[in-house]
Amino acid sequence: MEFLLRLTQAAQSVLLPLGGWGLFAAAALDSSFLSFAGGVDLWLVSQSALLPSRMPLYALAATSGSLIGCSALYFAVRRGEEACLERNRSSPRFARVRAYVEKYGARSLFVVALLPPPTPFKLFVATAGLLHLPYRKFLVALLAGRAVRYTGEGWLAARYGEQVWQWMVRSGPVVFGIVLAAVAVLFLSRKLRRRTPVVERP
């Protein structure tokens, strides 16, 4: 763990001055095998606030980098399926995530791609690889979720600057709860629609 922490800090110090290219590389690493303190979100917000005209490029860099990193993790888990399953078999958290992915498929990835930490995003990605979720559905769900998240954050940062990040820090748990509630309502409404019998008119 200490080695990974030092490696992450070294990568951050090298990538931070590189602007959009550094953000792309950081997003790829953060979505695969490293975790950056503060995350890619803080990086994206700060860059977009400093250079609002480049916000679309920063959002694109973060989204595409994240997709590459997630794909690397997805295929790595698929190849090492037995080892991954054996290591996580007794974990209650893994069991819950696996149940969500089995039940909701790509929709669960779309939702977690939108949500901030402490959502176990990488665990969902790894579980999708373990369950051999079709790669096209996997990619489309993550593309949609990450594009909405990073474009939204970047646009707010470009328009309102530093105030956005302060609001995100203060309101993060509230936003997280609202999104979870909205997702729950969506799933429940779909279930009710499926269970409601169709009454044929005479």
Side-chain angles (χ1 to χ4, degrees), residues 1-16 18 20-44 58-151 179-180 183 187:
M1 293 298 293
E2 185 178 352
F3 169 75
L4 288 178
L5 179 60
R6 290 181 178 179
L7 183 61
T8 300
Q9 291 173 345
Q12 251 182 319
S13 64
V14 171
L15 296 175
L16 186 59
L18 300 181
W21 288 109
L23 179 60
F24 169 82
L29 293 172
D30 184 63
S31 294
S32 54
F33 307 107
L34 292 180
S35 294
F36 286 90
V40 174
D41 300 271
L42 174 58
W43 203 330
L44 171 67
Y58 293 141
L60 177 61
T63 301
S64 56
S66 183
L67 291 180
I68 290 175
C70 289
S71 297
L73 181 58
Y74 170 91
F75 286 113
V77 171
R78 284 189 63 165
R79 291 182 180 179
E81 178 179 345
E82 293 183 4
C84 181
L85 184 60
E86 185 64 30
R87 187 167 58 250
N88 293 283
R89 191 185 298 276
S90 60
S91 170
R93 193 181 199 188
F94 171 73
R96 289 194 298 270
V97 170
R98 179 170 182 168
Y100 283 128
V101 176
E102 287 179 335
K103 188 172 185 179
Y104 300 114
R107 289 174 294 176
S108 63
L109 292 172
F110 170 74
V111 173
V112 297
L114 289 170
L115 298 178
T119 307
F121 174 69
K122 291 184 185 180
L123 187 54
F124 274 86
V125 172
T127 304
L130 182 65
L131 297 178
H132 291 237
L133 187 74
Y135 181 65
R136 182 178 297 180
K137 292 183 177 181
F138 169 86
L139 199 62
V140 169
L142 290 180
L143 172 61
R146 284 313 208 201
V148 170
R149 174 173 169 174
Y150 290 141
T151 302
V179 172
L180 283 181
V183 172
F187 285 144

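All heavy atoms count here, side chains included; hydrogens, waters and symmetry mates do not.
Aromatic ring pairs are classed by plane angle as parallel below 30°, tilted from 30° to 60° and perpendicular above 60°; the pair Y104 and Y100 is parallel.
Of all heavy-atom pairs between A61 and A27, the closest is O-CB, 4.4 Å. Closest approach of V97 to P120, counting heavy atoms only: CG2-CG, 4.4 Å. Of all heavy-atom pairs between L131 and E102, the closest is CD1-CG, 3.4 Å. Closest approach of R98 to T127, counting heavy atoms only: CA-CG2, 3.6 Å. The heavy-atom pair separating F138 from C70 by the smallest distance is CZ-O, 3.7 Å. Of all heavy-atom pairs between A147 and T151, the closest is O-OG1, 2.7 Å.
Taken to the nearest 0.5 Å, the CG atom of L143 stands 12.5 Å off from the CG atom of L109. One finds the CH2 atom of W43 at 6.5 Å from the CG atom of L23 (value rounded to the nearest 0.5 Å). In this structure, CZ on F24 lies 11.0 Å from OG1 on T63, to the nearest 0.5 angstrom. Note that the CG atom of L123 and the CZ atom of F94 stand 7.0 Å from one another [nearest 0.5 Å].
At least one donor-acceptor pair closer than 3.5 Å links the side chain of S108 to the backbone N or O of G105. Although no hydrogens or angles enter the test, the distance criterion places no donor-acceptor pair under 3.5 Å between the side chain of S31 and the main chain of A28. A side-chain donor-acceptor contact under 3.5 Å links R146 to the backbone of A113. A distance-only check finds a donor-acceptor pair linking the side chain of Y74 to the backbone of L133 [under 3.5 Å]. In this structure, S66 contributes its side chain and A62 its backbone to no donor-acceptor pair below 3.5 Å.
L142 is not listed as a side-chain neighbour of F124, based on a closest heavy-atom distance of 4.5 Å or more.
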Check against side-chain contact (heavy atoms from CB on, under 4.5 Å), Y150 and D41: CA-CA 7 Å; Y150 290 141; D41 300 271; 3.7 Å; yes

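Around NZ of K122, the count of heavy atoms belonging to other residues, nucleotides or ligands within 6.0 Å exceeds 12.
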